[in-house]
*Asks:* 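Here's a structure for you.
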Amino acid sequence: MKDVAFTADELRRRADRLPRVPLAHVPTPFEELPRFAGRIGRVRVFVKRDDCTGLLFGGNKVRHSEFLLGDAVSLGADVIVWGAGIQSNNCRVTAAACARLGLECRLYLSRSTHTPEVQGNLLLDHLVGAKVELVDAKMGPELYAVFDAEAAKLKAAGRKPYRWDPARTLPRAAVSYVVAAAELADDIERAGVSPAAVYVSSSASTGAGLALGMKALGRSWPVRSVGYIRWPWDVPTEMARCANDAAELLDLPHRFTPAEIHYTDEQIGADYGRLSPAGREAAHLLASSEALLLDPVYTARAVAQLIADVRSGRVPAGSAVVFVHTGGTPAVFAYAEEMLG
Ligand SMILES: *Cc1c(COP(=O)(O)O)cnc(C)c1O
């Protein structure tokens with residue numbers, strides 16, 4: 001059975017029915033990168049500037065936060081319990097959104113991910129007034145258990161905590177990228193191209209939301225999610241689940257199987273939070289040709305994959321590709337030595 005296609009306006013209307021707080025500067029710019037394209041092959045390259053979503057250096061988490069913090073506010077939360085790596089963009093943007101909304105923000109950051117120097121995202125967490133604690137728990141289930149325990153303590157003390165809980169937060173974050181897909185489809189149409197692929201750094205909700213959005217809009221451009229971390233679960237299975245949960249929130253009939261999620265872990269390399277040689281090359285090429293910054297953990301990997309696919313011919317000569325820049329740029333200051341290589 002062929003899926004029905006929805007208009008961009010219809011997707012936006014459905015998203016507007018969910019609790020949401022306005023935080024992002026949108027629509028973000030859509031630009032062509034001719035000098036960069038000339039350095040990598042016979043292709044046209046376009047960038048969706050979601051590094052320019054406005055709030056405290058921007059990035060994809062600003063779009064996510066509109067729905068996550070909207071959910072928290074609608075539930076009457078007075079304290080947000082969040083966490084990830086020491087240089088987490090997610091935590092920096094959540095802390096910024098909390099400052100805007102007058103919510104207390106508690107961050108539990110996994111020590112194993114980076115040096116604890118107060119730089120980049122960690123510096124910004126402190127500046128916007130988050131309460132930061134470094135913990136030994138590893139990224140993923142171990143850290144989620146910390147959030148559960150801290151939220152339970154706060155609750156016992158009479159507070160109303162809202163915590164990072166993947167089953168609840170990931171589909172809502174994905175909804176924000178269904179809305180972004182509607183924006184991006186308009187950009188692509190205006191540019192008059194039909195991209196061979198849309199590249200994005202994602203092992204979770206951003207790629208799932210974009211893929212769902214494109215499917216719901218009836219667009220066949222593949223969304224290629226480039227992984228940055230080895231989760232202890234099958235990523236395409238979880239991304240499909242995330243897309244399907246988001247479809248349910250939006251009352252859309254579209255569903256995904258794991259095989260329909262275009263995910264690659266080729267760029268992950270040694271470990272989460274380390275800049276790979278291909279990532280470093282990508283960051284230098286883009287900075288020196290277009291003065292466009294990539295972050296060391298996420299976007300450098302996505303562009304490294306884009307470059308690899310152009311060079312290998314997987315992206316045919318003469319075609320166009322789109323890179324969704326998900327931000328993360330404050331991390332460059334915490335990775336100065338690795339960035340210079
Ligand atoms: C968090 C993040 C991503 C990945 O987001 P997912 O939740 O995995 O989709 C990509 N890029 C940057 C800069 C990020 O901060």
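Reckoned from all heavy atoms, side chains included, excluding hydrogens, waters and symmetry mates.
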*Asks:* Report yes if some heavy atom in the side chain of Val297 is under 4.5 Å from a heavy atom in the side chain of Gln87; otherwise report no.
*Replies:*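 No - every pair of side-chain heavy atoms lies 4.5 Å or more apart.
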
*Asks:* Counting distance only, does the side-chain N/O of Arg44 pair as donor-acceptor with the main-chain N or O of Glu32 below 3.5 Å?
*Replies:*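 Checked: no pair found.
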
*Asks:* First locate atom CZ of Arg224, then atom OG1 of Thr264, and finally report the distance between them rounded to the nearest 0.5 Å.
*Replies:*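 Going from CZ on Arg224 over to OG1 on Thr264, the span is 9.0 Å.
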
*Asks:* With rounding to the nearest 0.5 angstrom, report the CH2 to CG distance, Trp82 to Asp165.
*Replies:*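 Going from the CH2 atom of Trp82 to the CG atom of Asp165 covers 9.0 Å.
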
*Asks:* Is there a side-chain contact between Ser74 and Tyr162 in this structure, where contact means two heavy atoms from C-beta onward sitting under 4.5 Å apart?
*Replies:*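 Result no, sub-4.5 Å side-chain heavy-atom pair not found.
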
*Asks:* Does a salt bridge link Lys160 with Asp78, judged by any charged N lying under 4.0 Å from a carboxylate O?
*Replies:*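 Not counted as a salt bridge, because no side-chain N and carboxylate O are separated by less than 4.0 Å.
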
*Asks:* Between Lys48 and Thr28, which heavy-atom pair has the shortest distance, and what is it?
*Replies:*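 Shortest heavy-atom separation between Lys48 and Thr28 comes out as NZ-O, 2.9 Å.
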
*Asks:* Taking 4.0 angstrom as the limit, do Asp9 and Arg12 come out as a salt bridge?
*Replies:*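 Yes, charged N to carboxylate O under 4.0 Å.
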
*Asks:* Answer yes or no: is there a side-chain heavy-atom contact under 4.5 Å between Leu306 and Ile40?
*Replies:*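 A side-chain contact under 4.5 Å exists here.
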
*Asks:* Mind checking whether Phe147 and Tyr108 have parallel, tilted or perpendicular rings, split at 30° and 60°?
*Replies:*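 It falls in the tilted class, 30° to 60°.
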
*Asks:* Side chains of residues 206-213: which donor-acceptor partners sit under 3.5 Å, not counting sequence neighbours?
*Replies:*
{"residue": "Thr206", "atom": "OG1", "partner": "Asn60", "partner atom": "ND2", "Å": "3.0"}
{"residue": "Thr206", "atom": "OG1", "partner": "His64", "partner atom": "NE2", "Å": "3.1"}

*Asks:* Is Arg311 reaching over with its side chain to a backbone N or O of Gly41, donor-acceptor style, under 3.5 angstrom?
*Replies:*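 Not a single qualifying donor-acceptor pair exists.
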
*Asks:* Taking all non-hydrogen atoms of both residues into account, name the closest pair between Ser201 and Tyr228 and its distance.
*Replies:*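 For Ser201 and Tyr228, the tightest heavy-atom pair comes out as OG-CD2, 3.7 Å.
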
*Asks:* In the structure I gave you, are the side-chain heavy atoms of Val47 and Phe36 within less than 4.5 Å of one another anywhere?
*Replies:*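 No - every pair of side-chain heavy atoms lies 4.5 Å or more apart.
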
*Asks:* Which atoms form the tightest heavy-atom contact between Pro316 and Ala196, and what is the distance?
*Replies:*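 Closest heavy-atom pair between Pro316 and Ala196: CD-CB, 4.5 Å.
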
*Asks:* Quick check on side chain to side chain contact (heavy atoms under 4.5 Å, CB included): which of Val226, Asn89, Val200 does Tyr298 satisfy it with?
*Replies:*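 Among Val226, Asn89, Val200, the one meeting side chain to side chain contact (heavy atoms under 4.5 Å, CB included) with Tyr298 is Asn89.
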
*Asks:* Say whether, by atom type as modelled, one donor and one acceptor occur between the side chain of Glu66 and the main chain of Arg63 under 3.5 angstrom.
*Replies:*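 A pair under 3.5 Å: no.
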
*Asks:* Would you say the side chains of Tyr263 and Ser202 form a donor-acceptor pair under 3.5 Å?
*Replies:*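 There is no such pair (donor and acceptor under 3.5 Å, judged by atom type) between the side chains of Tyr263 and Ser202.
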
*Asks:* Going by an N to O cut-off under 4.0 Å, is there a salt bridge joining Glu150 and Lys131?
*Replies:*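 Salt bridge flag = no for Lys131 with Glu150.
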
*Asks:* Does any N or O in the side chain of Arg230 come within less than 3.5 Å of the main-chain N or O of Gly269, such that one atom is a donor and the other an acceptor?
*Replies:*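 Between the backbone of Gly269 and the side chain of Arg230 there is a qualifying donor-acceptor contact (under 3.5 Å).
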
*Asks:* Kindly compute the distance separating CG (Leu252) from NZ (Lys215), expressed to the nearest 0.5 Å.
*Replies:*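 These two atoms lie 11.0 Å from each other.
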
*Asks:* Quick one: sort the Phe46 and Phe30 rings into parallel, tilted or perpendicular, breaks at 30° and 60°.
*Replies:*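 Taking Phe30 first and then Phe46, their aromatic rings lie parallel (interplane angle under 30°).
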
*Asks:* Residues in side-chain hydrogen bond (donor to acceptor under 3.5 Å, both in side chains) with Arg111, at least two apart?
*Replies:*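 Partners of Arg111 by the side-chain hydrogen bond (donor to acceptor under 3.5 Å, both in side chains) criterion, ordered by chain and then number, come out as Asp136.
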
*Asks:* Give me the atom names and distance for the closest heavy-atom approach of Glu117 to Ala334.
*Replies:*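 Closest heavy-atom pair between Glu117 and Ala334: OE2-O, 3.6 Å.
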
*Asks:* Who passes side-chain contact (heavy atoms from CB on, under 4.5 Å) against Thr329, sequence neighbours left out?
*Replies:*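 So Thr329 forms a side-chain contact (heavy atoms from CB on, under 4.5 Å) with Leu293, His325.
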
*Asks:* How long is the straight-line distance from CG of Leu11 back to CD of Glu183, given to the nearest 0.5 Å?
*Replies:*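 Between Glu183 CD and Leu11 CG, I get 12.5 Å after rounding to 0.5 Å.
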
*Asks:* Taking atom CZ of Arg255 as the centre, report whether more than 12 heavy atoms of other residues, nucleotides or ligands fall under 6.0 Å from it.
*Replies:*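 Yes, because the 6.0 Å sphere around CZ of Arg255 holds more than 12 heavy atoms from other groups.
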
*Asks:* Hey, does Cys98 have a side-chain heavy atom less than 4.5 Å from the side chain of Leu69?
*Replies:*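 The answer is yes, as the side chains (C-beta and beyond) meet within the 4.5 Å cut-off.
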
*Asks:* When you measure from the side chain of Thr299 to the backbone N and O of Thr326, does any donor-acceptor pair fall under 3.5 Å?
*Replies:*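 Side chain of Thr299 to backbone of Thr326: no pair is present.
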
*Asks:* With a 4.0 Å cut-off on N to O distance, would you call Glu189 and Arg219 a salt bridge?
*Replies:*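 So Glu189 pairs with Arg219 through a salt bridge.
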
*Asks:* So, His254 side chain and Val4 main chain: donor-acceptor pair closer than 3.5 Å or not?
*Replies:*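 Yes: the side chain of His254 pairs with the backbone of Val4.
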
*Asks:* To the nearest 0.5 angstrom, please state how far the OG atom of Ser288 sits from the CZ atom of Arg35.
*Replies:*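 Interatomic distance, Ser288 OG to Arg35 CZ, rounded to 0.5 Å: 11.0 Å.
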
*Asks:* Checking Arg301 side chain against Gln267 main chain: does a donor-acceptor pair fall under 3.5 Å?
*Replies:*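 A pair under 3.5 Å: yes.
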
*Asks:* Got more than 12 heavy atoms from elsewhere within 6.0 Å of CZ, Arg14?
*Replies:*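 More than 12 within 6.0 Å, yes.
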
*Asks:* Between Pro253 and Phe6, is there a side-chain heavy-atom distance shorter than 4.5 Å?
*Replies:*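 Yes; the side chains approach each other to less than 4.5 Å.
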
*Asks:* What heavy-atom pair brings Ile261 and Pro236 nearest, and what distance separates the two atoms?
*Replies:*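 In terms of heavy atoms, the two residues are closest at CG1-O, 3.8 Å.
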
*Asks:* Mind checking the CG-CE spacing from Leu294 to Met339? Nearest 0.5 Å is all I need.
*Replies:*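 It comes to 7.0 Å.
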
*Asks:* May I ask you to decide if Ser203's main-chain N or O and Ser225's side chain share a donor-acceptor pair within less than 3.5 Å?
*Replies:*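 Such a contact is absent between Ser225 side chain and Ser203 backbone.
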
